[in-house]
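Working notes, structure below.
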Amino acid sequence: METPLTAKERLFCGAYARLLLPREAALEAGYPAKKAATIAGELLCREEIRQAVGEEIRRAPHRDLLPEIVKSGLLRLIFSSAQGGVTAEGADLPDLFGVSEIKSGKNGVEVKFADRLRALELLWEIAKEETPAGENPIYQALLMSAKALEAHGKD
């Protein structure tokens, strides 16, 4: 007999159906960051979780999920940490999502990370496209300033 899902597990299923990113879904559901990837993997191994995710996907309105996945990935690049190591609870693997390249050569290992500033710029561009110009507070401030300058010039 299957046990009913906990509230946190239901949150995970909904987040995973929307994001399609296991670790982020676990974080959104409230699982601890240090164990989010492991917990997400364990949850997705359970048949009742997979069924609940399938139900969430079927219930979700048909829309393009790509923008949400892109935004989630950009947020992860911007705010993630590559820290990891061995903790009192056991091994904690580093989050290597932000690593763009790893090279091994005669001088050792070179690790290149994704450009966080560029990711932030891309996220800003997406946000500008999602907000109609007339509703953007910056646009409104610029418009008011332009009108004030125009009025001042007529005096």
Between E55 and Q51, do the side chains contain an N or O donor and an N or O acceptor separated by less than 3.5 Å?
-> no
Any link between [X] and [Y] through a network of hydrophobic side chains (Ile, Leu, Val, Met, Phe, Trp, Tyr) touching at under 4.5 Å?
| X | Y | value |
| --- | --- | --- |
| I78 | I126 | yes |
| L75 | L21 | no |
| F113 | I102 | yes |
| L11 | V53 | no |
| L117 | L74 | no |

Nearest atoms (heavy-atom pairs only) where [X] meets [Y]:
| X | Y | answer |
| --- | --- | --- |
| K71 | L123 | CG-CD1, 4.0 Å |
| R10 | L5 | NH1-O, 2.7 Å |
| A36 | A26 | O-CB, 3.5 Å |
| A37 | R23 | N-CG, 4.0 Å |
| E56 | A17 | CB-CB, 3.5 Å |
| F12 | P22 | CE1-O, 3.6 Å |

Rounded at 0.5 Å granularity, tell me how far [atom1] in [X] sits from [atom2] in [Y].
| X | Y | atom1 | atom2 | value |
| --- | --- | --- | --- | --- |
| R50 | C13 | CZ | SG | 11.0 Å |
| I49 | E42 | CD1 | CD | 11.5 Å |
| D115 | L77 | CG | CG | 9.5 Å |
| E9 | R46 | CD | CZ | 4.0 Å |

Quick one: side-chain hydrogen bond (donor to acceptor under 3.5 Å, both in side chains) partners of K147, sequence neighbours excluded?
-> none
Beyond-backbone contact of Y16 with L44, side-chain heavy atoms, under 4.5 angstrom | yes
